[in-house]
Amino acid sequence: MFNYFYEWLRNLAFYMVLVTAVLQLIPNRSYEKYIRFFCGLILVILLLTPVMRVIDAGSEGRMRASVSDDNWKKLEEIREQAEGLEDFVYSFSGEEQDGEE
């Protein structure tokens with residue numbers, strides 16, 4: 001949990017440094033208000049990331065409660081087939097999967 005919080009703060013700090021550099025490098029100041037607006041929208045998204053993560057953490061439990069057992073079993077089968085398909089594709093591409101070496 002603390003690693004996620006540390007990474008989130010680091011991303012915010014990097015973003016703020018990047019925005020400051022971009023604002024200093026723009027040659028025509030007439031676009032500054034548009035760049036600030038766009039950067040502000042991205043900043044709001046970055047600030048809401050932890051909240052969205054907490055909300056998303058409980059979404060599978062709610063989805064499980066709203067889906068019948070038969071349909072849930074079908075969803076699990078589809079997930080397993082998708083994982084098998086990923087393995088199949090990686091075996092032909094020669095690339096390594098995430099987390100494997």
Side-chain angles (χ1 to χ4, degrees):
M1 181 67 178
F2 287 110
N3 287 335
Y4 176 74
F5 182 70
Y6 175 73
E7 183 180 337
W8 177 68
L9 281 177
R10 188 179 54 172
N11 287 341
L12 281 175
F14 176 76
Y15 178 73
M16 294 307 293
V17 169
L18 181 68
V19 167
T20 304
V22 167
L23 288 174
Q24 295 298 317
L25 293 176
I26 57 172
N28 191 354
R29 295 290 175 195
S30 64
Y31 293 113
E32 184 175 357
K33 63 181 177 180
Y34 302 110
I35 293 172
R36 283 187 182 274
F37 176 74
F38 181 73
C39 292
L41 291 176
I42 293 175
L43 181 62
V44 167
I45 292 171
L46 285 174
L47 289 173
L48 291 177
T49 302
V51 175
M52 291 186 301
R53 184 175 181 197
V54 168
I55 291 171
D56 188 46
S59 66
E60 185 169 339
R62 286 190 304 270
M63 186 174 86
R64 174 70 176 104
S66 66
V67 175
S68 69
D69 288 335
D70 292 335
N71 288 338
W72 188 258
K73 289 177 185 176
K74 289 178 185 177
L75 284 172
E76 290 296 325
E77 290 174 10
I78 291 171
R79 282 185 187 168
E80 290 172 6
Q81 291 172 355
E83 289 173 1
L85 184 59
E86 280 182 355
D87 294 339
F88 180 74
V89 169
Y90 282 121
S91 69
F92 279 106
S93 67
E95 296 177 12
E96 295 179 359
Q97 288 179 298
D98 294 338
E100 294 183 8
E101 293 186 35

Leu46 and Trp8: which non-hydrogen atoms are nearest, and at how many Å?
O-NE1, 2.8 Å
Quick check: closest heavy atoms across Arg29 and Gln24, and the distance to 0.1 Å?
NH2-O, 4.0 Å
Find the distance between CD (Glu7) and CG (Leu12) and round it off to the nearest 0.5 Å.
11.0 Å
Can you find a heavy atom in the side chain of Tyr15 that is under 4.5 Å from one in the side chain of Cys39?
yes
Is there a path of hydrophobic side-chain contacts, each under 4.5 Å between heavy atoms, that joins Phe5 and Met16?
yes
Measuring from atom OG1 of Thr49 to atom CG of Leu47, what distance do you get when rounded to the nearest 0.5 angstrom?
8.0 Å
Could you grab the distance from atom CD of Glu77 to atom CD of Glu80, nearest 0.5 Å is fine?
7.0 Å
Any side-chain heavy-atom pair from Ile35 and Val19 closer than 4.5 angstrom?
no
I'd like to check Leu23 versus Tyr31 (side-chain heavy atoms, cut-off strictly below 4.5 Å). Are they in contact?
no
Count I, L, V, M, F, W, Y as connected when their side-chain heavy atoms are under 4.5 Å apart, and connections chain through other members. Are Phe38 and Ile45 then in the same cluster?
no
